[in-house]
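The basis for the numbers below is simple: all heavy atoms, side chains too, and nothing from hydrogens, waters or symmetry mates. It should be emphasised that the depicted structure is a prediction, and the values quoted were computed from it without experimental measurement. So you know, we letter chains A, B, ... as the sequences are listed, proteins then strands, and number each from 1.
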Amino acid sequence: MEEEPGRLLERRQGMPDSRVQERYDPVAVEARWLRRWDEEELYRTPAPAAGQKTFYQLEMFPYPSGELHMGHVRNYSIGDVMARFRRMQGHAVLHPMGFDAFGMPAENAAIERGVDPNVFTERNIERVRTQCRRMGWSYDWSREVVTSHPDYYRWTQWLFLLFYERGLAYRKEASVNYCPVDETVLANEQVEDGRCWRCGAEVEQRRLNQWFFRITAYADRLLDDIALLDGWPERIRLMQTHWIGRSQGAEVKFTTEDGRSIPVFTTRPDTLFGVTFLVLAPEHPLVETLVDPAHRPAVEGLIAAAGRLAEFQRASEETEKIGVPTGAFARHPLTGELVPILVGNYVLMSYGTGAVMGVPAHDTRDFAFARRYGLTIRPVIAPPPGVDPGEGAYTGEGVLVNSPGFDGMASDAARAAIVAELEARGMGQGRTTYHLRDWLISRQRYWGAPIPMIHCPRCDLVPVPVEALPVLLPPGVRFGHGSPLAEHEPFWRTTCPRCGGPARRETDTMDTFVDSSWYFLRFCSPHDDRRPFDPEAVERYMPVDEYVGGPEHAVLHLLYARFFQKVLFDAGLTRVTEPFHRLFTQGMLVQNGAKMSKSKGNIVSPEAWMDRVGADATRVHMLFAGPPDRDVEWVDPRPEGAARFLGRLWRLGQEKSGPETPEAARAIRRIAAHAVKKVTEDIERHAFNTAIAALMEAVRDLLDQPGRGPAFSAAVRDVVRLTAPFAPFITEAIWRELLGEARSVHLASWPVYDPEDVRPRTSEVVIQVNGRVRDRIEVPVGLASEELERAALARERIVEALGGRAPRRVVVIPDRLVNVVADAPRP
RNA sequence: GCCGGAGUGGCGGAACUGGCAGUCGCGCCGCACUCAAAAUGCGGUGAGGUCAACCCUCGUGUGGGUUCGAGUCCCACCUCCGGCACCA
């Protein structure tokens with residue numbers, strides 16, 4: 001950059017032969033332009049000009065593990081192509097990046113190596129940021145947000161308080177995985193075969209008071225608004241639909257002999273007359289009082305066994321379905337019949353009412369259960385004629401039998417009728433339940449945003465006043481024994497903001513998914529120190545126009561973020577109801593059928609590639625490897641092909657001008673126009689692999705062309721601009737150093753083409769005989785069918801292939817194909 | 001078990017609404033440049049058939065079907081990947 005572009009151009013033109021030009025040196029060029037872009041603040045988010053459209057391009061921000069991997073390279077390169085493409089199309093692009101910096105690795109490093117989590121995290125962020133910059137991703141780093149910085153988590157805490165005020169944050173007792181040796185709570189992924197991942201001790205289930213977000217209050221809206229997400233992959237929408245899992249049914253009230261009610265939830269009230277037993281969850285509050293002395297030991301044994309397992313383990317089909325009678329009986333709400341009450345390990349307290357009615361004739365689980373324990377099986381649904389009820393339970397629909405008052409009714413009608421009858425008698429009502437549970441957000445850990453609440457012996461739970469935020473993480477805590485904050489008295493000892501008396505701070509921190517549920521809003525006004533986000537800025541950029549990330553976040557992050565957005569909407573803080581307009585999920589990198597990850601040791605360092613072939617070639621290779629939404633098989637990848645392509649592009653940029661015939665000019669214009677059309681359409685549909693293939697062809701064909709005049713020069717400018725989103729460094733170097741442009745190629749306008757240039761004048765028509773290609777002819781575009789047919793039948797090769805047989809039929813598709821159908825030749 | 005997705009050369013992959021299967025790239029082979037190698041450039045490369053040539057046959061997971069014509073549409077199945085999984 002020390003040399004003036006014009007001088008370079010002069011020197012280039014003085015060169016005697018294109019063979020002796022300088023070779024492209026990616027490492028030097030990339031370093032040079034990285035520096036220059038910084039000086040120019042090229043990627044700073046522009047203030048939108050009057051009437052200019054904004055475009056919010058976002059990729060899921062990473063956990064700063066210290067080392068970027070190829071999955072990140074793919075993810076962020078996809079987003080960067082889109083950001084650069086939109087920028088060149090004239091949008092005011094917001095393309096930010098930050099770090100999801102709270103979480104376990106930092107705390108584990110503290111436990112294992114005594115490194116301060118904050119130091120550890122900052123060091124990793126530094127390294128990842130440097131790698132991101134080297135990759136040439138066009139982020140506006142002045143907007144960087146880091147979730148572990150107090151000026152961010154202050155607002156995470158503020159939002160917690162908002163949720164609390166709105167009744168959406170609450171405390172209740174719940175089971176957690178607890179390691180008695182390490183005296184700490186474990187996340188599910190830290191439990192391996194029921195043992196602590198670090199010390200191998202058997203993990204216990206402890207019931208502790210935990211904080212929850214009431215996401216179930218938004219279940220219906222989260223479900224119904226999936227219909228609005230037409231820019232999302234169908235797959236993800238389905239996954240969310242299933243995750244929320246709305247099911248319509250009824251709550252039916254059975255009663256114990258002494259008159260206490262046991263509500264059960266069922267989706268099949270039409271089978272109500274087939275109930276021959278009830279099963280309660282081991283944790284069901286009535287179990288304790290129902291069980292008679294003779295059955296007590298067995299019941300307690302089952303409860304103890306169930307209690308040892310975490311719910312997610314119990315809810316697995318491998319676990320044997322065990323049931324134990326309580327000795328008590330329940331009265332059927334419509335028939336008054338007495339049915340035995342059992343306790344079963346397969347009934348979950350957290351779904352429905354924690355009790356189920358057993359209909360063995362029409363439910364597979366109940367059937368197996370009844371068989372095993374010798375319970376009555378009473379069919380009440382007759383399958384439609386011609387349908388075999390089969391060996392086990394018949395779970396389909398049909399006509400009611402053995403159901404006094406409802407016999408002969410079809411299942412769907414009977415469901416409504418029976419619910420109506422139950423309602424009339426006060427024995428039940430229609431009810432909807434959800435698979436979705438409330439979101440457990442508290443973590444008994446240090447490296448997260450502290451939950452801003454205070455426990456006062458007199459006033460109970462008191463929120464930290466917003467003026468007192470942030471509740472800072474204290475330095476100098478002790479790791480490895482229990483919750484670091486709970487063990488750190490200077491942190492928790494405080495006074496009640498309400499009564500001024502001595503009080504104790506909440507020592508739980510928030511799930512990191514809370515941090516990432518609103519970061520996209522923070523990016524709109526990252527430095528606002530008066531509120532989490534500036535509504536005006538949010539109005540300008542939100543919703544995110546395109547969000548790129550992995551499908552592994554289909555239900556957690558993407559659902560939580562939607563939940564937050566709706567709560568903020570209800571609180572009047574924004575008018576946006578859905579955060580992500582369009583979602584693009586990229587495929588994984590797989591090796592031998594397994595996802596590539598650090599733990600499998602099969603990661604390839606992007607830095608090694610950058611040193612070898614440069615960031616541009618690394619980007620191009622990753623995008624060229626296959627369609628970005630599909631998994632890509634990582635078999636001996638060689639970025640050299642991409643590097644060669646860029647080398648040829650460099651050569652193209654160095655071609656000196658010369659003469660150009662009109663025919664050559666036309667051919668050149670055609671090549672360029674084709675490329676512009678194809679690449680533009682392909683980027684729009686995220687087909688980067690074929691866009692790059694088209695660019696490779698264009699570069700090859702242009703180098704082959706004899707002309708080096710104005711058309712050639714224009715074509716080179718087109719191709720360089722088309723390549724800019726993929727390979728930002730080399731295109732910038734060609735644009736400014738070789739072509740002498742003053743302004744960055746990344747601020748140049750996206751090329752357009754003249755449709756006239758891609759309109760073919762002749763077309764090659766394939767001629768088939770009985771579906772086999774036998775000849776092809778070049779004809780003027782639009783040649784009439786009759787003419788085409790005549791021309792085809794006149795061809796020597798066709799006459800030969802027909803061998804004297806008369807065409808039975810001739811199919812003509814103008815400009816494409818003629819198929820002559822004849823009887824099969826005699827052998 | 002349920003719900004998604006995918007099976008195409010040695011490899012990654014291409015093929016718009018049914019119309020030339022295999023764009024582009026990797027690898028491999030040959031040639032040029034070189035004292036030589038690397039790098040680079042040029043050419044070839046699905047399988048088979050008295051391949052020298054034109055040419056012919058076969059070929060998109062398997063088996064059927066629709067059609068003048070199927071990688072593409074329909075039916076049945078196989079394999080792999082992802083998600084959910086006692087949800088009452």
Where does B:rC51 land, syn or anti, given syn is within 90° of 0? syn
For A:Glu640, the side-chain hydrogen bond (donor to acceptor under 3.5 Å, both in side chains) test, sequence neighbours excluded, returns A:Arg612
Indicate, with a heavy-atom threshold strictly under 4.0 Å, whether A:Val821 touches base, sugar-phosphate, or nothing. sugar-phosphate
In whole Å, what separates the P atom of B:rG18 from that of B:rG69? 16 Å
Sub-6.0 Å ring centroid separation between A:Tyr560 and A:Trp439: yes
Are A:Arg415 and A:Glu397 within salt-bridge range, i.e. N to O under 4.0 Å? yes
Between B:rU8 and B:rG63, how far apart are the P atoms? Round to whole Å, please. 16 Å
Please, which pairs that meet salt bridge (Lys or Arg N to Asp or Glu O under 4.0 Å) have at least one residue in residues 782-791 of chain A, sequence neighbours excluded? none
With rounding to the closest Å, how many angstrom separate the P atoms on B:rC20 and B:rA70? 11 Å
What is the separation between atom CG on A:Asp629 and atom C1' on B:rA6, rounded to the nearest whole Å? 11 Å
P atom, B:rA37 versus B:rG44: distance in rounded Å? 24 Å
Correct closest heavy-atom pair for A:Tyr373 and A:Ile322 would be OH-CA, 3.5 Å
Taking the P atom of each, how far is B:rC31 from B:rA15, in whole Å? 36 Å
Whole angstroms only, please: what is the CZ-C1' distance between A:Arg809 and B:rG69? 10 Å
Indicate whether OP1 or OP2 belonging to B:rC68 is found under 4.0 Å from a side-chain N or O atom of A:Arg772. no
Please give me every residue in residues 270-278 of chain A whose heavy atoms get under 4.0 Å of an atom in RNA chain B, ordered by residue number. none
Using the rule side chain to side chain contact (heavy atoms under 4.5 Å, CB included), only one of A:His284, A:Lys253, A:Arg431 pairs with A:Thr353; which is it? A:Arg431
When the P atoms of B:rC54 and B:rA39 are compared, how many Å lie between them, rounded to an integer? 32 Å
Nearest to the side chain of A:Arg630, heavy atoms from C-beta on, is which of B:rG7, B:rC84, B:rA88? B:rG7
Centroid-centroid under 6.0 Å between A:Tyr346 and A:Phe369 rings: yes
Mind calculating the distance between CZ (A:Arg237) and C1' (B:rC84) to the nearest angstrom? 19 Å
Please report the distance separating the C1' of B:rC3 from the corresponding atom of B:rA85, rounded so that it comes out in whole Å. 11 Å
Kindly indicate whether the side chain of A:Arg774 and the base of B:rC56 share any N or O donor-acceptor pair separated by less than 3.5 Å? no
Using the P atom on both, measure B:rC2 against B:rC87 and round to a whole Å. 13 Å
Does the protein touch nucleotides 20-30 of chain B at the base, only the backbone, or not at all? Give it as B, S and - per nucleotide, heavy atoms under 4.0 Å. B--BBSSS---
Please report, rounded to the nearest Å, how far the C1' atom of B:rU40 is from the CG atom of A:Leu646. 15 Å
Tell me the interatomic distance from A:Trp243, atom CH2, to B:rG4, atom C1', rounded to whole angstroms. 16 Å
Check whether any side-chain N or O of A:Arg237 sits under 3.5 Å from a backbone N or O of A:Leu229 as a donor-acceptor pair, and report yes or no. yes
To the nearest angstrom, the CG-P distance between A:Asp815 and B:rC16 comes to 18 Å
Using only side-chain N and O atoms of A:Asn345, determine if any of them is under 4.0 Å from OP1 or OP2 of B:rC86. no
Residue whose closest nucleotide on RNA chain B lies nearer the 5' end, A:Ser247 versus A:Leu238: A:Leu238
Over 60° means perpendicular and under 30° means parallel, so classify the ring planes of A:His435 and A:Trp243, tilted if in between. tilted
So what does A:Arg431 touch, heavy atoms closer than 4.0 Å: a base, only the sugar-phosphate, or nothing? nothing
With both pairing distances under 3.5 angstrom for Watson-Crick or G-U wobble, and | for a partner in another strand, the correct string for RNA chain B is (((((((..(((......[....)))((((((.......))))))((((.....))))..(((((..]....))))))))))))....
OP1 or OP2 of B:rC56 less than 4.0 angstrom from a side-chain nitrogen or oxygen of A:Arg797, does that happen here? yes
Charged N to carboxylate O below 4.0 Å: is that the case for A:Glu681 and A:Arg685? no
Tell me what A:His435 touches on the nucleic acid: a base, only sugar-phosphate, or nothing, going by heavy atoms under 4.0 Å. base
Just checking A:Arg365: base, sugar-phosphate only, or nothing, at a heavy-atom cut-off of under 4.0 Å? base
Tell me the interatomic distance from A:Ile767, atom CD1, to B:rG69, atom P, rounded to whole angstroms. 19 Å
Hey, is CD on A:Glu796 packed in by over 12 heavy atoms from elsewhere, all under 6.0 Å? no
Could you check B:rG65 for me: syn (within 90° of 0) or anti? anti
Could you check A:Val811 against A:Arg235 and say which one's nearest nucleotide on RNA chain B is further toward the 5' end? A:Arg235
List in chain and number order the residues that pass ring-ring contact (aromatic ring centres under 6.0 Å, His included) with A:His686, two or more places apart in sequence or in another chain; answer none if no residue qualifies. A:Phe584, A:Phe688
May I ask you to say what A:Asn819 touches in the nucleic acid, namely base, sugar-phosphate or nothing, with a heavy-atom cut-off under 4.0 Å? base
Can A:Arg797 and A:Glu800 be counted as an ion pair, charged N to O under 4.0 angstrom? no
Other residues, nucleotides, ligands: >12 heavy atoms within 6.0 Å of A:His674 NE2: no
Calculate the interatomic distance between A:Glu800 atom CD and B:rC55 atom C1'; express it in whole Å. 10 Å
